[in-house]
Amino acid sequence: MANAPPKTWTIGSLVKWATDDFRARGIENPRLDAELIVAHALGIDRMRVILDAERPLDERELSTLRDLVKRRRAYEPIAYLRGEREFYGLRFRVDKRVLVPRPDTETLVDVALARTARVSLSMRMLDLCTGSGCVAIAIARQRPTSAVFATDVSPDAIAVARENALRLGAYNVAFEEADLFAAKMIQGVRFDVVTANPPYIASGEIETLQPDVRDHEPRLALDGGADGLDLVRRIVAEAPEHLAPGGALAMEVGAGEAAATVELFEARGFREIRVDRDIARIERVVSGLV
Ligand SMILES: C[S@@+](CC[C@H](N)C(=O)[O-])C[C@H]1O[C@@H](n2cnc3c(N)ncnc32)[C@H](O)[C@@H]1O
């Protein structure tokens, strides 16, 4: 490592060095990231990183750590370095092929479950833009007797989502690569709920995003066209044809996009429209019934 390294690297000295380095680069949670990287590289939990600060690191461990620190210095998301991210109490495999699941999106799961409480045992659900499969799989695990369908236009995302479903025992989810509602497996099916967390960043804003997101997460998962609402508009327009009577559309939108989305829901004839806030109190999920 650079900067006049101590003779023997220990867990503690490496965490300190990496923390200082990340902080200098404007990385948001430098100490947490440093601890997570060390925990991952050594195959131990974070508590041991703190408790075993004096433990020396051998050459092999240092070489793994060098590589991980280098990747984080280039702002690669910590979830890609670790290869996993927790969402709704489940551990999802993630890599650069899919968006990292966000805590905000747990609101979408909560809304979909609440909107379908009356059909819980036999629910049919479609998750559009499934990415890692986090929304579809979280709901499928909550409702093991339901039939969940999930689509994404990216074959890479579908591969990751399928792997997650198998690993997490969500055997009631079927996946297909498709542009929104074009999947063959869903033709003729009417759903109790359609969920979507579509790309919703305005194209012009992508360059202003944090480098973690801008330089590493899939562009296809972010870019929502000129005003961010290209996919939102298409989903609101097409969803009613795929919903059972009384079925719900629940969609995550970007900060500041809820009002425009509510207008789209109203114009398309949805009723009982509501907006739910995420854990940061931002208006995040718009939902309505047909
Ligand atoms: C914001 S990510 C959401 C991923 C995941 N559902 C989540 O919440 O973490 C949006 C996803 O939409 C997919 N996507 C983009 N355009 C699409 C389209 N026209 N049809 C279907 N999926 C699309 C992207 O491949 C990406 O996986």
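These numbers come from the heavy atoms of this one structure, side chains and all, not from hydrogens, waters or symmetry mates.
Side chain of Arg268 to main chain of Glu238: no donor-acceptor pair is present (N/O by atom type, distance under 3.5 Å, no hydrogens or angles). Put simply, the side chain of Glu61 gets close to the backbone of Asp58: a donor and an acceptor are under 3.5 Å apart. No donor-acceptor distance shorter than 3.5 angstrom exists from the side chain of Thr151 to the backbone of Ala183, with no hydrogens or angles considered. Although no hydrogens or angles enter the test, the distance criterion places no donor-acceptor pair under 3.5 Å between the side chain of Thr105 and the main chain of Pro101. For Asp179 (side chain) and Ala182 (main-chain N/O), no donor-acceptor pair under 3.5 Å exists by modelled atom type. In this structure, Thr261 contributes its side chain and Glu257 its backbone to a donor-acceptor pair below 3.5 Å. Of the possible polar contacts, none joining the Gln142 side chain to the Ile139 backbone as a donor-acceptor pair under 3.5 Å is found. Not one N or O on the side chain of Asp152 forms a donor-acceptor pair closer than 3.5 Å with the backbone of Glu177. A donor-acceptor distance shorter than 3.5 angstrom exists from the side chain of Tyr75 to the backbone of Arg25, with no hydrogens or angles considered.
In the hydrophobic clustering of ILVMFWY residues, with side-chain heavy atoms under 4.5 Å counting as a link, Phe181 and Leu264 come out together. Val236 and Leu126 fall within a single hydrophobic cluster, where Ile, Leu, Val, Met, Phe, Trp and Tyr side chains are chained together by heavy-atom contacts under 4.5 Å. In this structure, Leu128 is not a member of the same hydrophobic cluster as Leu113, with clusters built from ILVMFWY side-chain heavy atoms closer than 4.5 Å.
Side-chain polar atoms of Asp127 and Thr130 form a donor-acceptor pair below 3.5 angstrom. Side chains of Asp192 and Thr116: no donor on one and acceptor on the other come within 3.5 Å. With 3.5 Å as the limit, one finds no donor-acceptor pair spanning the side chains of Glu54 and Thr10. Under 3.5 Å, the side chains of Tyr88 and Asp110 contain a donor-acceptor pair of N or O atoms.
Enclosure of atom CZ in Arg277 by more than 12 non-hydrogen atoms of other residues, nucleotides or ligands within 6.0 angstrom is indicated. Around CD of Glu28, the count of heavy atoms belonging to other residues, nucleotides or ligands within 6.0 Å does not exceed 12. The 12-atom threshold is exceeded at CZ of Arg271, counting heavy atoms of other residues, nucleotides or ligands nearer than 6.0 Å. Within 6.0 Å of atom CZ in Arg124, 12 or fewer heavy atoms from other residues, nucleotides or ligands are found, so the atom counts as exposed in its surroundings.
Listed by first and then second residue, the ring-ring contact (aromatic ring centres under 6.0 Å, His included) pairs that reach into residues 107-137 come to none, sequence neighbours excluded. Residue pairs meeting the ring-ring contact (aromatic ring centres under 6.0 Å, His included) criterion with at least one partner in residues 134-176, sequence neighbours excluded, are Phe149-Phe191. Note on residues 129-147: no pairs pass salt bridge (Lys or Arg N to Asp or Glu O under 4.0 Å), not counting sequence neighbours.
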Side chain to side chain donor-acceptor pair (under 3.5 Å) between Ser287 and Arg115, worked out: CA-CA 9 Å; Ser287 63; Arg115 286 287 200 173; 3.1 Å; yes
Derivation of the salt bridge (Lys or Arg N to Asp or Glu O under 4.0 Å) call for Arg46 and Glu35: CA-CA 6 Å; Arg46 227 182 101 215; Glu35 287 173 358; 2.9 Å; yes
Worked check of salt bridge (Lys or Arg N to Asp or Glu O under 4.0 Å) between Arg281 and Asp278: CA-CA 5 Å; Arg281 306 296 306 148; Asp278 65 18; over 6 Å; no
Test salt bridge (Lys or Arg N to Asp or Glu O under 4.0 Å) applied to Lys16 and Asp20, step by step: CA-CA 6 Å; Lys16 186 182 177 316; Asp20 293 345; 2.7 Å; yes
Steps toward salt bridge (Lys or Arg N to Asp or Glu O under 4.0 Å) verdict (Asp276, Arg274): CA-CA 7 Å; Asp276 285 85; Arg274 51 175 291 168; 2.6 Å; yes
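Between Phe87 and Phe92, the angle of the ring planes goes over 60°, which puts this pair in the perpendicular group of the 30/60° scheme.
Considering only residues two or more places apart in sequence or on other chains, Val213 meets the side-chain contact (heavy atoms from CB on, under 4.5 Å) condition with Arg102, Leu209, Glu217, Leu222. Evaluation of the side-chain contact (heavy atoms from CB on, under 4.5 Å) rule for Glu59 yields Leu62, Arg66 as partners, not counting sequence neighbours. Residues satisfying the side-chain contact (heavy atoms from CB on, under 4.5 Å) criterion with Asp33, sequence neighbours excluded, are Phe22, Ile27, Asn29, Arg72, Ile78.
When each of Arg82, Arg214, Arg71, Lys96 is checked for a salt bridge (charged side-chain N to carboxylate O under 4.0 Å, His left out) with Glu76, only Arg71 meets the rule. For the side chain to side chain contact (heavy atoms under 4.5 Å, CB included) with Ile44, the qualifying choice from Leu51, Asp52, Val49 is Val49, the only one to do so.
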